[in-house]
Amino acid sequence: MSSITFNTLKFAQRLEKAGATREYAAAEAEALSEVFETGTQELITKSDLQQELAPIRTDLAVLKWMMGAMLAIGMTILFKLFS
């Protein structure tokens with residue numbers, strides 16, 4: 001799964017620079033860090049997605065070949081009927 005790097009110190013310093021108290025900035029940074037930690041546990045990565053889609057891609061490839069074969073057989077039958 002994926003994770004987000006979050007610099008709590010830099011965030012808190014930015015809040016302090018904007019006028020927030022040190023206690024408020026620290027609490028806000030900690031709370032936001034917790035949100036990122038819990039919120040990213042369910043994110044899916046590109047490799048996770050590729051792994052999940054691999055069987056579907058295989059099935060689609062098989063279906064493509066089956067449709068091509070059925071079309072060829074159908075065209076052969078039609079050609080023989082009308083020639």
Side-chain angles (χ1 to χ4, degrees):
M1 291 295 153
S2 179
S3 66
I4 294 175
T5 304
F6 178 65
N7 187 337
T8 54
L9 178 61
K10 186 175 180 180
F11 182 74
Q13 288 172 342
R14 184 174 284 176
L15 288 177
E16 282 184 61
K17 196 174 184 180
T21 65
R22 182 174 295 245
E23 293 78 21
Y24 176 80
E28 184 75 25
E30 185 179 332
L32 192 54
S33 179
E34 288 177 14
V35 168
F36 283 146
E37 285 177 18
T38 58
T40 59
Q41 290 175 356
E42 298 298 319
L43 290 179
I44 190 167
T45 63
K46 184 177 180 179
S47 62
D48 292 335
L49 186 59
Q50 287 173 339
Q51 193 173 22
E52 290 288 325
L53 292 178
I56 295 171
R57 288 184 179 185
T58 303
D59 291 346
L60 288 174
V62 170
L63 284 173
K64 182 174 71 173
W65 282 101
M66 289 174 68
M67 291 298 293
M70 288 179 11
L71 181 63
I73 292 169
M75 294 301 287
T76 303
I77 292 171
L78 284 174
F79 181 74
K80 295 225 181 232
L81 285 175
F82 294 108
S83 63

Quiz item: Between A25 and A12, what is the shortest heavy-atom contact and its length?
Solution: CB-O, 3.4 Å
Quiz item: Taking ILVMFWY side chains as joined if any heavy atoms are under 4.5 angstrom apart, and letting links pass through other members, which residues group with M75?
Solution: L71
Quiz item: For the hydrophobic clusters of this structure (ILVMFWY residues joined by side-chain heavy atoms under 4.5 Å, transitively), does one cluster hold both F36 and L15?
Solution: yes
Review item, side-chain donor-acceptor pairs of residues 49-58, under 3.5 Å, at least two apart:
{"residue": "T58", "atom": "OG1", "partner": "A54", "partner atom": "O", "Å": "3.1"}

Practice problem: Taking side chain to side chain contact (heavy atoms under 4.5 Å, CB included) as the test, write out the residues that go with L78, two or more places apart. | Solution: F82
Quiz item: In the single-linkage hydrophobic clustering (I, L, V, M, F, W, Y; side-chain heavy atoms under 4.5 Å), do F79 and M70 co-cluster?
Solution: no
Exercise. Determine the minimum heavy-atom distance between T8 and S33, stating which atoms define it.
Key: CG2-CB, 3.7 Å
Quiz item: Roughly how far, to the nearest 0.5 Å, is the CG atom of L32 from the CZ atom of F11?
Solution: 5.0 Å
Table please: side-chain donor-acceptor pairs of residues 59-68 below 3.5 Å, with sequence neighbours left out.
none

Exercise. Output the rest of the hydrophobic cluster of L9: all Ile, Leu, Val, Met, Phe, Trp and Tyr residues reachable through side-chain heavy-atom contacts under 4.5 Å, sorted by chain and number.
Key: none
Quiz item: If you look only at pairs with a residue in residues 7-20, which of them pass as a salt bridge (charged side-chain N to carboxylate O under 4.0 Å, His left out), with sequence neighbours excluded?
Solution: E16-R22
